[in-house]
Peer 1: 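Supplied in structure tokens, the structure appears directly below.
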Amino acid sequence: MQFEGEHLLPGQIGQFFVLLAFVASVLATIGYFNAGRLKDLTAKASWIRFARISFYTELVAVLAIFSIIFYICSQHYFEYMYAYKHASKELESKYLLACIWEGQEGSFLLWTIWHCLLGIFIIWKEKEWEAPVMTALNFAQFFLLVMLLGLYFGDIRIGSSPFVLTRNEINGPIFSQPDYLNYIKDGVGLNVLLRNYWMVIHPPVLFLGFAACIIPFGFAFGGLQTKRFGDWVKPALPWALFGACVLGVGIMMGGKWAYESLSFGGYWAWDPVENASLVPWMILVAGLHTMVIYKATGRSLKASYVFVILSQAFVLYSTFLTRTGILGDTSVHAFTEKDEIMKLLLELFFAVFTIAPFVMFFMQSKNMQTAAPEEKTDSREFWMFIGSIVFFLSAIFIIAKTSVPVYNKIFGTKFAPPEDAEFSYNKVMVMVAFIIGVLTAITQYFKYKSTPAGYILKKIAVPTLVSAIITVLLAVFYPLTFYKHGAGFLGALYIALFASVYAAVANAMYIWSGLNGKIKSAGGSITHVGFAVMMAGMIISSSNKKTISDNSVTGINIPFGKDEKGRDVENPMENLTLLRDVPTRMLDYNLTYKGDSAGHENGRRFYKIDMVSRDSAEHFGLTPDIYLGKNELKSSNPSTKRYLTKDIYSYISSINPGSSRPDTAQFSIKEIGEGDTAFFNKGYFILNRVVKNPDSGKYHFVQTDAALMADITLVTKEGRSYKAAPLIQLVPSDSFNVKYYDDTLFAQNMYLRFAGVTENRKVKIGIKESDTFIDFITLKAYLFPYINLVWLGLVVMAMGLLVSMVNRSRISKTTTAVLLTVAAIAMFYMFFVAGG
Amino acid sequence: MILVGIAVAIVALIVFGFPASDFSTYDTISSAKAKQGKYVHLIAKLDRSQPIEYDAIKNPNYVSFNVIDSLGAQTKVVYRNSKPAELEQSERVVLQGKMQGDIFECKSITLKCPSKYKDDKRGLERTLNGADAPAAASPAQAPTADSSAKK
């Protein structure tokens with residue numbers, strides 16, 4: 001059948017580039033592998049030339065694929081499955097990129113693009129190690145591009161191409177018609193949950209972090225391939241610092257996203273998908289430290305190999321976990337359809353990148369001439385090594401717990417997460433935080449090899465004292481209030497808080513006492529200060545988080561449902577119902593729901609909430625919003641009032657499901673003259689005057705219209721008074737039919753109608769008390785104290801890593817200044833300005 | 001010495017990091033009923049023949065509904081929170097909580113909704129053939145051999 005209106009050319013070109021990129025990645029891998037293997041310089045050079053040409057071809061092809069996907073999605077060519085699934089006409093153009101990396105193919109493509117761009121820098125800057133690093137990089141590209149191939153071998157499709165056609169992918173009667181495209185009015189579009197600033201920016205940064213892990217890995221492979229076992233560490237170190245910086249920022253951007261717009265009620269929940277990206281970062285950080293030890297003392301080389309290889313392996317393992325649907329019921333994140341071939345490819349990718357380097361490593365490790373790990377407890381490297389091991393083991397603990405669904409799959413067991421899954425992590429991690437905090441605090445004061453007796457105690461005494469005082473002051477004036485898990489856990493939290501403060505203070509002081517204030521070489525200390533501030537912020541903000549919409553705090557809406565057995569600490573009543581225009585108390589605030597309005601996007605509604613503190617010192621508005629689908633709440637976006645020291649955070653947890661019950665109340669009509677008063681069962685009202693064709697407030701009529709408005713003051717028995725302005729209009733264009741504009745007093749659940757005029761010039765006012773509630777929302781609100789410490793700590797940590805990176809690489813002063821300034825501004829904007 | 005230390009740390013991690021209390025189980029409704037008061041996971045479907053009870057005016061922290069599992073067993077569920085968005089549309093629910101008598105006291109709900117899973121082709125087919133299908137798509141124009149053969 002000949003189909004009408006299809007644009008098949010872009011897809012054919014795109015598919016050609018997919019094939020081209022794939023073939024180029026194979027050739028580049030072979031070329032670079034041979035270049036790295038051969039000793040003969042001429043042969044090496046010619047293989048390098050061949051490999052580079054292949055690599056540049058791959059780069060062009062990958063960029064072309066991305067451009068074509070972008071074109072197809074921006075043109076809404078719904079004959080392509082990718083555009084149909086991810087793009088839509090109603091989608092705002094700022095989400096065009098986001099909808100591309102919403103899909104599996106798009107995010108793999110993003111990954112390959114970062115690999116290629118990093119590859120350019122390797123060719124440019126790391127000539128000596130180009131061959132092995134690029135072998136690893138291109139081999140990884142090979143796997144990623146296979147997953148985009150979409151080629152059939154018999155009945156089996158290898159990979160999933162972004163250029164497949166909708167009519168070939170899904171069944172439907174419309175595809176039996178040549179003009180089927182006319183019936184596809186719009187694409188499915190970006191999931192409303194993901195329509196967010198962070199969806200545009202978080203995936204690229206995270207994938208850059210993932211992509212960066214291949215480079216230290218490639219260097220380690222180079223060390224094994226060239227048998228220059230330790231030489232790779234020095235050039236690889238800046239890259240590892242870069243990876244740790246970008247991946248760390250990428251992970252916490254996900255946290256910020258979860259915190260401010262996904263209504264999960266926090267920035268970290270030990271969700272499997274979060275854990276899966278945290279673990280490679282932790283192992284990379286452990287590897288960073290052992291690499292530093294090796295550079296300084298010649299020890300810990302084998303540990304460096306293990307950590308660097310494992311960080312890449314866990315990047316792939318995390319991809320496997322999140323892409324194959326194996327996490328199933330344990331994660332809130334999206335899963336994918338079962339594609340057995342894709343699963344197999346991912347398993348193969350993971351297996352090859354784990355097994356092959358370890359086989360090489362163990363075959364050659366006996367040839368590595370390294371000193372045994374330092375056993376002297378007065379050396380810096382000893383404590384650094386202990387710290388790396390603790391960090392690594394805690395990463396293994398996290399991934400071991402996260403992998404429970406994998407064991408269930410393999411062994412047929414049925415383990416499920418515990419009642420309080422977060423606590424099962426936190427109780428272990430709080431001790432890790434203590435150990436890491438103390439080690440971070442003291443280790444820099446040790447010297448490599450051995451430290452003179454008494455030196456440490458002298459140097460460390462002041463920071464120890466200062467931190468102890470700060471912690472005690474905090475405990476007295478701003479105590480932690482996390483009682484849920486008893487005194488033991490609260491004590492552990494205090495110990496961890498002390499360790500964090502200790503690490504921050506000791507490292508900050510070390511910049512002066514140990515480094516004489518030389519910021520250039522203080523990258524490590526700055527990073528540690530940032531990390532410690534972030535930990536302290538996490539402990540404080542999580543321990544002292546308050547549910548301010550808690551009914552048991554406000555004391556209103558005491559439950560009287562028939563199955564309610566009364567209040568229960570385990571069932572905090574976190575939702576608060578707000579009737580429109582009725583002020584409701586919530587902790588220290590009086591809230592009034594003032595009404596809703598439509599947003600630009602289809603189905604988006606904003607709810608205005610007025611917040612006044614009880615002492616009237618603060619007055620601000622919150623506008624949480626939701627996406628509606630068929631009168632049903634689909635997704636909820638919080639609104640946050642930010643202060644320097646706290647965030648007040650709220651989101652809509654349910655809305656009025658609409659008038660499912662018909663309003664059976666009737667208007668009761670009162671006849672009343674201007675200036676007169678009439679009584680009704682809840683009070684009285686005064687008709688102040690009648691206005692003809694009003695042109696103020698909500699009404700805008702002109703002199704030729706025929707509209708009358710009643711200006712009414714209504715006073716209830718309790719003495720509250722309200723203004724109302726119902727209106728009546730004769731519509732000439734509608735055969736002089738009467739149109740009523742009723743006014744609603746939400747707070748009294750009452751309607752007023754201008755029902756007509758009598759012959760003796762009296763006005764008929766209808767008054768009706770509704771028997772269904774007119775408008776209400778249910779709100780959840782939290783107070784996060786000192787949450788800004790978390791973001792501040794993260795930014796400082798990232799800056800410290802960058803300072804270390806530039807200090808260890810051959811970058812000019814100007815470039816350094818530009819790089820650091822741009823990074824600082826970008827991160828400040830992302831974490832403190834943008835978003836909410 | 002370091003190696004010994006690492007070994008001790010690993011053993012300690014396994015012993016203290018993974019106590020049996022840190023795991024619960026996936027259960028069927030009838031096996032959960034036999035384990036009164038024990039924290040379990042239920043995978044079930046919303047029973048659409050019974051109403052979902054939620055009145056945010058009366059109590060915004062009380063939802064109750066009925067679920068059926070794949071073995072046909074049924075239970076009433078009480079969830080002391082707001083009604084999860086799209087509960088009505090869900091294909092499957094994962095409930096975490098405890099059985100108390102005949103009522104499942106639910107602590108947390110995870111919904112599986114067809115609309116969230118674009119990678120589910122059946123879901124896409126429904127979307128495509130729902131609102132946007134041509135009015136003339138009567139049985140007479142049912143998929144031809146050409147289109148039904150597509151994967």
Side-chain angles (χ1 to χ4, degrees), chain A residues 1 85-86 104 167-177 183-185 188 191 329 332 334-337 373 375 385-386 389-390 393 397 400-401 404 414-419 424 428 551 557 559-561 563-564 571 573-577 632-636 653-654 656 773 776 778 780, chain B residues 1-2 5-6 9-10 13 16-18 21-26 39-41 43 54-62 64 78 80-83 85-86 88-89 94 96 103 107 110 115-121 124-125 127-129 131-134 137 141-144 146-148 150-151:
Chain A
M1 189 190 301
K85 243 161 92 168
H86 302 292
Q104 173 141 300
R167 62 178 152 91
N168 289 337
E169 291 303 301
I170 51 183
N171 295 314
I174 59 169
F175 298 118
S176 56
Q177 311 197 3
Y183 300 112
I184 304 182
K185 297 276 188 298
V188 179
N191 190 331
D329 299 325
V332 292
F335 326 107
T336 54
E337 188 186 19
E375 305 252 321
F385 187 73
I386 296 293
I389 292 290
V390 171
L393 289 181
F397 163 74
K401 266 180 87 70
V404 166
K414 283 194 156 193
F415 292 116
E419 179 163 1
S424 72
V428 173
N551 278 272
N557 280 332
F560 48 85
D563 292 300
E564 192 65 65
N571 288 316
M573 289 163 276
E574 296 192 341
N575 301 282
L576 189 64
T577 296
E632 177 78 20
L633 193 153
K634 268 185 108 172
S635 95
S636 191
S653 54
S654 100
N656 189 348
F773 278 92
F776 66 85
T778 301
K780 241 184 213 194
Chain B
M1 191 199 101
I2 282 186
I6 295 171
I10 293 173
L13 199 66
F16 297 109
F18 299 93
S21 63
D22 272 4
F23 295 98
S24 64
T25 47
Y26 288 101
Y39 193 83
V40 295
H41 285 55
I43 300 176
Y54 184 61
D55 187 344
I57 299 281
K58 234 162 92 184
N59 182 359
N61 296 297
Y62 181 91
S64 96
V78 168
R80 292 172 202 281
N81 211 318
S82 60
K83 185 176 75 62
E86 298 191 284
E88 287 89 341
Q89 277 81 45
V94 182
Q96 302 179 30
I103 293 169
K107 288 272 189 294
T110 314
S115 63
K116 282 184 192 158
Y117 306 108
K118 288 185 192 175
D119 295 310
D120 172 30
K121 275 184 189 159
L124 279 178
E125 274 162 26
T127 316
L128 187 72
N129 297 321
D132 300 328
Q141 284 178 319
T144 58
D146 175 45
S147 72
S148 59
K150 283 161 195 159
K151 291 182 192 164

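All values below come from the heavy atoms of this structure, side chains included, with hydrogens, waters and symmetry mates left out. Below, chain A is the first sequence line, B the second, and so on; all start at residue 1.
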Peer 1: CD/B:Gln96 to CD/A:Glu419 distance, rounded to the nearest 0.5 angstrom?
Peer 2: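 Reported to 0.5 Å precision, the distance equals 9.0 Å.
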Peer 1: Pick one of side chain, backbone, both or neither for A:Val390, based on which atoms fall under 4.5 Å of a heavy atom in chain B.
Peer 2: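 When you check distances to chain B, no heavy atom of A:Val390 falls under 4.5 Å.
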Peer 1: Side chain, backbone, both or neither: which part of B:Phe23 has an atom under 4.5 Å from a heavy atom of chain A?
Peer 2: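 For B:Phe23, the contact with chain A is made by backbone and side chain together.
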Peer 1: Which pair of non-hydrogen atoms, one from B:Tyr39 and one from A:Pro417, has the smallest distance, and what is that distance?
Peer 2: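 Minimum heavy-atom separation between B:Tyr39 and A:Pro417: CE2-O, 4.5 Å.
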Peer 1: Among A:Ser424, A:Ser653, A:Pro418, which residue forms the greatest number of heavy-atom pairs with chain B at distances under 4.5 Å?
Peer 2: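 Going by pairs under 4.5 Å, I would pick A:Pro418.
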Peer 1: Can you list the steps and then say if B:Tyr54 with A:Thr778 is a side-chain contact (heavy atoms from CB on, under 4.5 Å)?
Peer 2: CA-CA 12 Å; B:Tyr54 184 61; A:Thr778 301; 4.1 Å; yes
Peer 1: Quick one: pull up NZ in A:Lys780 and OG in B:Ser82 and give me the separation to the nearest 0.5 Å.
Peer 2: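 It comes to 5.0 Å.
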Peer 1: Looking at OG1 of A:Thr577 and CG of B:Asn61, how far apart are the two atoms once the value is rounded to the nearest 0.5 Å?
Peer 2: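 It comes to 7.5 Å.
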